[in-house]
Amino acid sequence: MPVVDAAKRFGIGECKVSDYSCFIMARLDEQSGFEEKYDRCAVLVDEVSGSVKGADKLLPPPSLSEESFAEYLIGTFSDDGEIYYVISPEKLARLKG
């Protein structure tokens, strides 16, 4: 199973592996760019502080500059006054180059 280092993908170094590091498992579709044998990937993150359900409230992604890595977003939603950006596993896992 491919593993994507989120920090490295976003150009901010590499994830610092610690007791709080987590792998987020994601299902991929055929647009990911990985070989057909992979239908999932793992995203390595420094830490997970919680989760929120919001798929039913998903709004289109905002217009952001290229430096903001908007290419990975599929939408946003608001919950209890907080704004959340939703990242596409396919876009995050897509092979560069």
Student: Ile87 and Ile74: which non-hydrogen atoms are nearest, and at how many Å?
Tutor: C-CG1, 4.5 Å
Student: Going by the rule side-chain contact (heavy atoms from CB on, under 4.5 Å), which residues pair with Asp46 if we only count those two or more places apart in sequence or in a different chain?
Tutor: Cys15, Lys16
Student: Can we call the ring centroids of Phe10 and Tyr72 under 6.0 Å apart?
Tutor: yes
Student: Using side chain to side chain contact (heavy atoms under 4.5 Å, CB included), reason through Leu73 and Val86 one step at a time and then give a plain yes or no.
Tutor: CA-CA 6 Å; Leu73 298 179; Val86 180; over 6 Å; no
Student: List the atom of Ala42, the atom of Met25, and the distance in Å for their closest heavy-atom pair.
Tutor: CB-SD, 3.8 Å
Student: What distance separates Lys8 NZ from Leu44 CG, expressed to the nearest 0.5 Å?
Tutor: 11.0 Å
Student: Who are the side-chain hydrogen bond (donor to acceptor under 3.5 Å, both in side chains) partners of Asp79, not counting sequence neighbours?
Tutor: Lys57
Student: Tell me every residue that passes side-chain contact (heavy atoms from CB on, under 4.5 Å) with Glu47, counting only those two or more places apart in sequence or in another chain.
Tutor: Tyr20
Student: Which residues pass the side-chain contact (heavy atoms from CB on, under 4.5 Å) test with Leu59, sequence neighbours left out?
Tutor: Thr76
Student: I'd like to check the ring-ring contact (aromatic ring centres under 6.0 Å, His included) partners of Phe23; sequence neighbours left out, ordered by chain and number.
Tutor: none
Student: Once side-chain contact (heavy atoms from CB on, under 4.5 Å) is applied, do any residues pair with Ser78, and if so which ones, sequence neighbours excluded?
Tutor: none
